[in-house]
Colleague: 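I have a structure I would like to understand better, so I am pasting it below and will then ask my questions one at a time.
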Amino acid sequence: MSETIRTRYAPSPTGRMHVGNLRSALYEFLIAKHEGGAFLLRIEDTDQERYVEGAVDIIYRTLETAGLLHDEGPDKDGGFGPYVQSERMKTGIYMEYAKKLVEKGEAYYCFCDKERLESLRTEVVEGKEIMLYDKHCLGLSRAEVEEKLAAGVPFVIRQNIPNEGTTTFHDELYGDITVENAELDDMILIKSDGYPTYNFANVVDDHTMNITHVVRGNEYLSSAPKYQRLYDAFGWESPVYIHLPLITDETHKKLSKRSGHSSFEDLLEQGFLPEAVVNYIALLGWSPEENREIFTLDELIEQFDYRRISKSPAVFDYTKLKWMNGEYLKAMDPERFFELAEPYLRAVIHRDLDLKKIAAMVQTRIEIFPDIAEHIDFFEALPEYDAAMYTHKKMKTTAETSLAVLCDVLPLLEAQEDYSNDALYALLGGYVAEKGVKNGYVMWPLRTAVSGKQMTPGGATELMELLGKDESIARIKAGIAKLGGNV
RNA sequence: GGUUCCUUGGUCAAGCGGUUAAGACGCCGCCCUCUCACGGCGGAAACAGGGGUUCGAUUCCCCUAGGAACUGCCA
C-alpha cells in the first residue's frame with residue numbers, strides 16, 4: 001500500500017480546542033482511518049505572540065479523551081519529524097525552501113517598512129481596510145538586495161504572484177475553483193523574525209511529511225489558490241484538498257475561541273460525555289448512508305465516506321447535543337452510570353441513602369449530569385411546599401381528600417415493618433381496593449407529602465423505600481399538619 | 001467594497017430528472033403510568049425568488065436576493 005492516506009491535524013497551541021477544530025481533527029482522523037491510513041499531529045507554533053503555555057498538553061489531552069489517537073506527532077516519531085514547527089525551523093527547512101523559490105523568481109525579498117505598508121492600506125467601507133502589496137521590492141536589483149541583506153536591513157520573503165492569468169485548484173467537495181491572479185496578494189512566506197507564516201510552513205510541511213489529503217475548514221478556501229501556486233512553483237504534486245463546511249453558532253457566525261464559543265473542555269465541564277460530543281459533531285456536516293445517528297468512534301471509522309460531507313455550514317445545536325448525551329446516558333451500563341453520577345449525587349445528598357438506587361431512578365430522566373441535582377434535592381431535606389400542591393384534578397384529589405387519605409393511611413404505615421417498594425405498594429394497593437378509589441387518589445398525596453415536589457424521579461412507594469420508615473412517617477405527619485390535621 | 005463559497009421545515013439533514021419531499025432534535029396531542037421521565041402512536045412545519053433546458057425540475061444552467069468566509073509579518 002504505497003498509496004496510504006496520510007492526514008494531519010495541525011493546530012496552533014493557543015488555548016483550548018473549540019468545537020470547530022475538534023470536528024476538523026475528527027474528520028481528518030476518520031478519513032485516514034477509514035482507509036487504514038495514518039493520522040498525524042503537527043503543532044503549528046510559528047506565532048510566538050499567540051503561544052499559550054500548556055496549550056500543547058491541552059491538545060494531547062483533548063485528542064486522547066476524544067479518542068482521536070495520532071499515529072505520528074511530537075510524542076510519536078514516525079520518521080517525518082520534527083512535528084513542531086518551531087523545531088523544524090531550527091533545521092533551516094523553511095528558509096531553505098523559500099530561497100529556492102526566490103531563485104526561481106517565484107518569491108522575492110521585501111524590505112518595506114511598516115510605514116510604507118501602512119500607506120498602501122486603503123479603506124473600502126466603514127472602517128474596513130484592505131491592502132494589496134504593490135510589488136515595490138520586486139523591482140530591486142540583485143545587487144541592491146545583496147547590499148540590504150549585508151547591511152542587516154529587516155526583510156520578509158513574499159510570494160510572487162503575476163498580475164495576469166488565473167489559478168485553479170481542485171477540491172474534492174467543491175470541485176474546481178478558479179480565481180484571477182490579480183486578486184491574489186503577494187503573501188509573506190517568511191516573516192521578519194525568520195519564522196515562516198502559517199501559509200508557507202503548512203505547504204512545506206504537508207509536502208515533506210507526505211500528507212496526501214489536506215483536510216481543513218473552508219475558511220481556507222479563498223487562500224487555497226495561493227497554496228496551489230506554491231505547490232506548482234516547487235513542482236510538487238498537490239495533495240487532495242477537502243475543505244470542510246463551517247460550524248456556526250445560532251446567529252450563523254463561525255465558531256471561534258475569540259467569540260467565546262464553547263471548547264471541548266468546556267462541554268465536558270458542563271457534564272457532557274466525550275463520546276456524545278464526538279458523535280454529535282460527526283453529524284455536523286456529514287451524514288451516513290443509513291438513517292442512523294448513534295455511532296461509536298469505530299462505527300464512524302467504518303462508515304465514514306468523505307464524499308458524503310456536505311458543503312453548507314451547520315449550526316451547532318446545543319439542544320440536540322443534550323438529547324444525544326441523554327441517549328448515551330440511557331444506554332450506559334448502570335454500574336458505569338453510577339460511577340460517573342456519584343459525585344453529582346454526593347454533592348446533594350449527605351445522609352445515608354442508597355445512592356445506587358437513586359442513580360438508577362435518575363438515569364432515564366437526565367440529559368447531562370448536572371441535571372441530577374434538581375431531581376434529587378428533596379431526598380436530602382423536605383423542601384418548603386404549598387398545601388395547594390395536594391390538589392390535582394386528574395388524580396381527583398384536593399387538600400381535603402388528601403388529608404383524609406393521609407390520616408387513614410398513617411396507622412397502616414406505622415404498623416408496617418417491611419418498607420420495600422413491593423411491600424408498600426401491596427399494602428397501599430389493599431387500601432385502594434378496599435376504598436374503591438384510583439391509585440392516584442392515595443399515591444398523589446403520599447408522594448407529595450414525602451417529597452414536597454410536583455414531580456419526582458420515582459413513585460410514592462419507591463421514595464418511601466429509599467427514605468425509610470422513620471423519615472417517611474415524619475414527612476407524612478408534616479404533611480398532615482400542613483393540611484391542618486392533627487397528628 | 002472585492003473575491004470565493006453556500007441556500008430542502010426553527011435546527012441537523014436524506015434526496016443525486018418522475019417520491020404522498022425520508023429521518024432526527026425541538027414543539028404540540030394521545031396512550032402507557034403511584035407524579036415526572038422513559039417508551040409507543042400521531043400532528044404542525046421545508047425545496048429563497050425569477051428565468052431557462054426538458055415530456056417532466058427540489059435535483060442541470062443562468063440571473064437576482066439573502067447568508068457566510070477570506071481580504072494580517074493570526075492560524
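Below, chain A is the first sequence line, B the second, and so on; all start at residue 1.
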Colleague: Starting at the 5' end of RNA chain B, write a dot or bracket for each base, bracketing those in Watson-Crick or G-U wobble pairs whose two distances are under 3.5 Å and using | for partners on another strand.
Modeller: ((((((((.[[[..)..(....]]].(((((.......)))))....[[[[[..)....]]]]])))))))....
Colleague: Is the side chain of A/N325 donor-acceptor paired with the backbone N or O of A/A276 at a distance under 3.5 Å, no angle test?
Modeller: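 It does not hold such a pair.
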Colleague: Looking across every strand, which nucleic acid part, if any, lies under 4.0 Å from A/T248 by heavy atom: base, sugar-phosphate, or nothing?
Modeller: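 Result for A/T248 = nothing.
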Colleague: Does A/K394 or A/D176 map to a spot on RNA chain B nearer the 5' end, using the closest nucleotide for each?
Modeller: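 The 5'-side residue here is A/D176.
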Colleague: Of the nucleotides B/rC12, B/rC6, B/rG26, which has the atom closest to the A/E367 side chain?
Modeller: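 For A/E367, the side-chain atoms sit closest to B/rG26.
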Colleague: Any base atoms under 4.0 Å from A/P245, or only sugar-phosphate, or nothing? Heavy atoms, all strands.
Modeller: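 No contact.
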Colleague: Per the ring pair (Phe, Tyr, Trp, His ring centres under 6.0 Å) rule, which among A/F369, A/Y328, A/Y318 passes with A/F272?
Modeller: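 Output: one option passes, namely A/Y318.
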Colleague: Heavy atoms only, 4.0 Å cut-off, all strands: where does A/K253 land among base, sugar-phosphate and nothing?
Modeller: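 Here A/K253 touches the backbone only, sparing every base.
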Colleague: For the pair made of NZ in A/K322 and P in B/rC27, what is the distance, rounded to whole Å?
Modeller: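 One finds 11 Å between P of B/rC27 and NZ of A/K322, rounded.
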Colleague: B/rG67 and B/rG72: how far apart are their C1' atoms, nearest whole angstrom?
Modeller: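 Comparing C1' positions in B/rG67 and B/rG72 gives a spacing of 24 Å.
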Colleague: Can you tell me whether the side chain of A/T319 and the base of B/rC25 have a donor-acceptor pair closer than 3.5 Å?
Modeller: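 No such pair is found, so the answer is no.
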Colleague: Taking the nucleotide of RNA chain B with the nearest heavy atom to each, does A/E289 or A/D185 sit closer to the 5' end?
Modeller: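 The answer here is A/E289.
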Colleague: Could you give the CZ-to-P distance, from A/F169 to B/rC5, as a whole number of Å?
Modeller: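 Result: 8 Å.
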Colleague: Take atom C1' in B/rC73 and the same atom in B/rC60, then report the distance between them in whole Å.
Modeller: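 Here B/rC73 and B/rC60 have their C1' atoms 46 Å from each other.
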Colleague: Could you tell me whether the side chain of A/K320 has a donor or acceptor atom within less than 3.5 Å of a complementary atom in the base of B/rA24?
Modeller: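 It does, because a donor-acceptor pair links the side chain of A/K320 to the base of B/rA24 below 3.5 Å.
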Colleague: Please check the phosphate of B/rG39 (OP1 and OP2 only) for any side-chain N or O of A/K330 closer than 4.0 Å.
Modeller: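 Yes, such a contact exists.
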Colleague: Could you tell me if A/R216 and A/H243 have a donor-acceptor pair between their side chains, going purely by distance under 3.5 Å?
Modeller: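 Yes, because at least one side-chain N or O of A/H243 sits under 3.5 Å from a partner of the opposite role on A/R216.
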Colleague: Below 3.5 Å between N/O atoms, which protein atoms pair up with nucleotides 73-75 of chain B? Just atom names and distances, please.
Modeller:
from	atom 1	to	atom 2	distance (Å)
B/rC73	O2	A/S192	N	2.7
B/rC73	O2	A/S192	OG	2.8
B/rC73	N3	A/S192	OG	3.0
B/rC74	OP2	A/K191	NZ	2.7
B/rC74	O2'	A/D47	OD2	3.0
B/rC74	O2'	A/R50	NE	3.2
B/rC74	O2'	A/R50	NH2	3.4
B/rA75	OP1	A/T46	OG1	2.7
B/rA75	OP1	A/K191	NZ	2.9
B/rA75	OP2	A/Y198	N	3.0
B/rA75	O3'	A/S12	OG	2.9
B/rA75	O3'	A/E44	OE1	3.3
B/rA75	O2'	A/S12	OG	3.1
B/rA75	N3	A/Y220	OH	3.0

Colleague: Any luck finding a side-chain donor-acceptor pair between A/K311 and A/N218 under 3.5 Å?
Modeller: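 The answer is no; no qualifying pair exists.
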Colleague: In whole Å, what is the span from the CZ atom of A/R292 to the P atom of B/rA13?
Modeller: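 To the nearest whole Å, that distance equals 18 Å.
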Colleague: When the distance from CD of A/Q454 to C1' of B/rC34 is rounded to whole Å, what number comes out?
Modeller: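 Those two atoms, CD and C1', are 15 Å apart.
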Colleague: When you compare B/rG10 with B/rA65, how far apart are their P atoms, in angstrom units rounded to a whole number?
Modeller: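 About 23 Å, rounded to a whole number of Å.
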Colleague: Base, sugar-phosphate or nothing for A/M395? Non-hydrogen atoms, less than 4.0 Å.
Modeller: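 A/M395: backbone/sugar contact only, no base atoms under 4.0 Å.
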Colleague: If the P atom of B/rA57 is compared with that of B/rG49, how far apart are they to the nearest Å?
Modeller: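 About 15 Å, rounded to a whole number of Å.
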Colleague: Before accepting this row, confirm whether a basic side-chain N of the pair A/E118/A/K114 lies closer than 4.0 Å to the acidic partner's carboxylate O.
Modeller: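 Judged by the 4.0 Å cut-off on N to carboxylate O distance, A/E118 and A/K114 do not form a salt bridge.
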Colleague: Classify the nucleic acid contact of A/G458 as base, sugar-phosphate or nothing, counting any heavy atom under 4.0 Å across all strands shown.
Modeller: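 If one applies the 4.0 Å heavy-atom cut-off, A/G458 turns out to touch a base.
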Colleague: Rounding to the closest angstrom, what is the interatomic distance between B/rA21 and B/rC47 at atom P?
Modeller: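 About 12 Å, rounded to a whole number of Å.
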Colleague: Do any side-chain nitrogens or oxygens of A/Y425 fall under 4.0 Å of OP1 or OP2 in B/rC34?
Modeller: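 Answer is yes, contact under 4.0 Å.
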Colleague: What closest approach, in Å, do A/A182 and A/L132 show between heavy atoms, and which atom pair accounts for it?
Modeller: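 Looking at all heavy atoms of both residues, the closest pair is O-CD1, 4.1 Å.
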Colleague: Using the C1' atom in both, what is the distance from B/rC74 to B/rG15, to the nearest Å?
Modeller: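 B/rC74 and B/rG15 have their C1' atoms separated by 40 Å.
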Colleague: Could you please name the option among B/rC5, B/rU11, B/rU35 that lies closest to any side-chain atom of A/I177?
Modeller: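 Side chain of A/I177 sits closest to B/rC5.
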Colleague: Check every strand shown and say whether A/N421 touches a base, only sugar-phosphate, or nothing at a heavy-atom separation below 4.0 Å.
Modeller: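 It contacts base atoms.
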Colleague: Please give the distance between the P atoms of B/rA48 and B/rG9 as a whole number of Å.
Modeller: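 Roughly 7 Å separates the two P atoms.
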Colleague: For A/R336, is there an ion pair with A/D333 - N to carboxylate O distance below 4.0 angstrom?
Modeller: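 Here A/D333 does not pair with A/R336 in a salt bridge, since their nearest N and O are not under 4.0 Å apart.
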Colleague: Could you state the atom-to-atom distance from NE2 of A/H243 to P of B/rU3 in whole Å?
Modeller: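 A/H243 atom NE2 is separated from B/rU3 atom P by 20 Å.
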Colleague: Of the options B/rU3, B/rG26, B/rA14, whose atoms approach the side-chain atoms of A/V179 most closely?
Modeller: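 Nearest nucleotide to the side chain: B/rU3.
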Colleague: Rounded to whole angstroms, how far apart are OH on A/Y419 and P on B/rC34?
Modeller: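 My rounded result for the distance is 20 Å.
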Colleague: B/rG23, OP1 or OP2 - any side-chain N/O from A/N291 closer than 4.0 Å?
Modeller: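 Result: no.
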Colleague: State which residue, out of A/F169, A/Y198, A/Y227, fulfils the ring pair (Phe, Tyr, Trp, His ring centres under 6.0 Å) condition with A/Y220.
Modeller: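 Exactly one option meets the ring pair (Phe, Tyr, Trp, His ring centres under 6.0 Å) with A/Y220, and it is A/Y198.
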Colleague: Using a heavy-atom cut-off of under 4.0 Å over every strand shown, decide if A/T456 touches base, sugar-phosphate, or nothing.
Modeller: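 If one applies the 4.0 Å heavy-atom cut-off, A/T456 turns out to touch a base.
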Colleague: For atom CD of A/Q48, is the number of surrounding heavy atoms from other residues, nucleotides or ligands below 6.0 Å larger than 12?
Modeller: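 Enclosed.
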Colleague: Respond yes when some side-chain nitrogen or oxygen of A/K311 is under 4.0 Å from OP1 or OP2 of B/rC6, and no when none is.
Modeller: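 Yes, because at least one side-chain N or O of A/K311 sits under 4.0 Å from OP1 or OP2 of B/rC6.
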Colleague: Return the value, rounded to whole Å, for the distance between atom CD of A/E250 and atom P of B/rU11.
Modeller: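 Checked: the CD to P distance equals 12 Å.
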Colleague: Taking B/rA45 as the reference, what is the distance to B/rA24 when you measure between their C1' atoms (whole Å, please)?
Modeller: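 Each nucleotide's C1' atom is 14 Å from the other's.
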Colleague: Would you list the atom pairs, donor with acceptor, under 3.5 Å between side chains in residues 427-444 of chain A and any protein atom, with sequence neighbours excluded?
Modeller:
from	atom 1	to	atom 2	distance (Å)
A/Y431	OH	A/D408	OD2	2.6
A/N439	ND2	A/Y425	OH	3.1
A/W444	NE1	A/M389	O	3.1

Colleague: Counting just side-chain N and O atoms, does A/R365 come under 4.0 Å of either OP1 or OP2 of B/rG39?
Modeller: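 Result: no.
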Colleague: Tell me: CZ of A/F272 to C1' of B/rC25, nearest whole Å?
Modeller: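 The answer, rounded to whole Å, is 13 Å.
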Colleague: Taking 4.0 Å as the cut-off, does a side-chain nitrogen or oxygen of A/S222 come that near to OP1 or OP2 on B/rA69?
Modeller: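 Answer no for this pair, as no side-chain N or O of A/S222 is under 4.0 Å from OP1 or OP2.
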Colleague: For the pair A/K191 and A/D193, find out whether any cationic side-chain nitrogen is under 4.0 Å from an anionic carboxylate oxygen.
Modeller: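 No.
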Colleague: Choosing from B/rA13, B/rA69, B/rC38, which nucleotide comes nearest the side chain of A/A314?
Modeller: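 In terms of side-chain proximity for A/A314, the closest of B/rA13, B/rA69, B/rC38 is B/rA13.
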Colleague: What is the distance from atom NZ of A/K254 to atom NE2 of A/H18, rounded to the nearest 0.5 Å?
Modeller: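 It comes to 7.0 Å.
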Colleague: How long is the gap from CZ on A/R88 to CD1 on A/I43, to the nearest 0.5 Å?
Modeller: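 Reported value, rounded in 0.5 Å steps: 12.5 Å.
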Colleague: Scan A/I130 against the nucleic acid and name what it touches under 4.0 Å (heavy atoms): base, sugar-phosphate only, or nothing.
Modeller: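 Base: the residue A/I130, judged by heavy atoms under 4.0 Å, touches a nucleobase.
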